[in-house]
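First comes the structure, then the notes that go with it.
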Amino acid sequence: MDLHTLFIKPYESYHTYQIILEFTATFFGLLSVYFSIRKNIWVYPTGIVSTALYVYILFKFGLLGDMLINFYYTVMSVYGWVLWARSSDDHVHVEVSRTTRREWLLCSMLFVISLILVTAVYYYKPLLDTQLSAEKVILGLDHLDWANWLDVFTTAIFLVGMWLMAKRRIENWIFWIVGDLICIPMMLHKGLGITSVQYLVFTVMAIIGYREWQRSLK
């Protein structure tokens with residue numbers, strides 16, 4: 001499979017507005033990660049623009065798990081924005097720390113709950129696709145492909161990562177790195193080439209962010 005098939009051909013059937021929306025969401029997503037690396041509170045307003053756009057984009061492409069996680073990002077960004085503002089002396093930059101044992105327990109609970117909820121959403125997806133009309137609908141998970149199952153898994157990973165970032169814990173970057181790596185082939189499979197490149201860049205930026213936060217912690 002060549003680069004044209006992976007990155008260009010899927011967009012030949014898209015509307016212009018869909019391509020513009022994906023470019024815009026990607027641009028603000030990259031800005032958000034940059035501000036996160038700098039421990040700058042602008043991570044949240046830029047992130048809200050990106051995640052709100054991706055709620056619509058991912059819904060259109062049937063990635064319900066990632067759609068839900070982006071909705072969660074949007075809500076959590078408001079929560080994180082308030083926390084960072086309260087924890088910042090200059091209302092821009094914050095101090096970081098490591099995750100406590102109690103917080104790791106909460107992370108485990110969030111991860112499991114997310115797996116269950118997103119799997120349930122996919123279970124009822126045939127019903128949602130028919131606008132809640134139960135006629136001739138077969139519920140189940142047989143319609144899921146490998147990308148959908150990865151979507152379930154990455155949703156749980158990113159949910160924990162976003163919560164840890166709001167709490168200013170350095171380990172949030174580990175979750176972003178793992179989730180971003182998984183999303184690269186998943187987005188290519190779904191025909192979202194621009195977004196797959198974004199996740200590749202996100203992976204590099206997350207590694208940089210982890211190192212920068214480590215230096216700050218020391």
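Model, not experiment: these values are computed from the prediction.
A donor-acceptor contact shorter than 3.5 Å links the side chain of Ser77 to the backbone of Tyr73. For Ser50 (side chain) and Ala25 (main-chain N/O), a donor-acceptor pair under 3.5 Å exists by modelled atom type.
A 4.5 Å side-chain heavy-atom check between Leu58 and Met187 finds at least one atom pair inside the cut-off. Side-chain contact check for Trp84 versus Val43: some heavy-atom pair is nearer than 4.5 Å. With a 4.5 Å cut-off on side-chain heavy atoms, Trp104 and Arg101 do not count as touching. No side-chain heavy atom of Phe111 sits under 4.5 Å from any side-chain heavy atom of Leu159. When side chains are defined from C-beta on, Thr51 does not count as touching Val55, because their heavy atoms never get closer than 4.5 Å. Side-chain contact between Trp81 and Ile48 is present, with heavy atoms from C-beta onward closer than 4.5 Å. No side-chain heavy atom of Trp173 sits under 4.5 Å from any side-chain heavy atom of Met165.
The 12-atom threshold is not exceeded at CZ of Phe71, counting heavy atoms of other residues, nucleotides or ligands nearer than 6.0 Å. Enclosure of atom CZ in Phe35 by more than 12 non-hydrogen atoms of other residues, nucleotides or ligands within 6.0 angstrom is indicated. Around the OH atom of Tyr34, the shell of radius 6.0 Å holds no more than 12 heavy atoms that belong to other residues, nucleotides or ligands.
From Ile170, atom CD1 reaches atom OG1 of Thr99 across 9.0 Å, with rounding to the nearest 0.5 Å. Ser36 OG to Trp176 CH2: the interatomic distance, rounded to the nearest 0.5 Å, is 8.0 Å. Between the CG atom of Leu117 and the OH atom of Tyr72 there is a distance of 12.0 Å, given to the nearest 0.5 Å. Interatomic distance, OG of Ser32 versus CD1 of Ile37, reported as 10.0 Å (0.5 Å rounding). A distance of 11.0 Å separates CG of Leu110 from CD of Glu103, quoted to the nearest 0.5 Å.
Phe158 and Val112 fall into different hydrophobic clusters, defined by Ile, Leu, Val, Met, Phe, Trp and Tyr side-chain heavy atoms under 4.5 Å apart, directly or through other members. When the side chains of ILVMFWY residues are joined at heavy-atom separations under 4.5 Å, either directly or via intervening members, Ile116 and Trp163 end up in two distinct hydrophobic clusters. Taken together through direct or relayed side-chain contacts under 4.5 Å among Ile, Leu, Val, Met, Phe, Trp and Tyr, Val75 and Val82 form parts of separate hydrophobic clusters. Cluster membership check: Ile20 does not share its hydrophobic cluster with Val49, using side-chain heavy-atom separations under 4.5 Å among Ile, Leu, Val, Met, Phe, Trp and Tyr.
Applying the side chain to side chain donor-acceptor pair (under 3.5 Å) test to residues at least two apart or on different chains, the pairs with a partner in residues 20-31 are Tyr11-Glu22, Glu22-Thr195, Thr26-Tyr54. Sorted pairs that involve residues 177-187 and meet side chain to side chain donor-acceptor pair (under 3.5 Å), not counting sequence neighbours, are lacking altogether.
In terms of heavy atoms, Asn172 sits closest to Trp213 at ND2-CZ3, 3.4 Å. Nearest heavy-atom pair across Leu115 and Ala156 is CD2-CB, 3.8 Å.
Checked against the 6.0 Å centroid criterion, the rings of Phe202 and Tyr199 qualify as a close aromatic pair.
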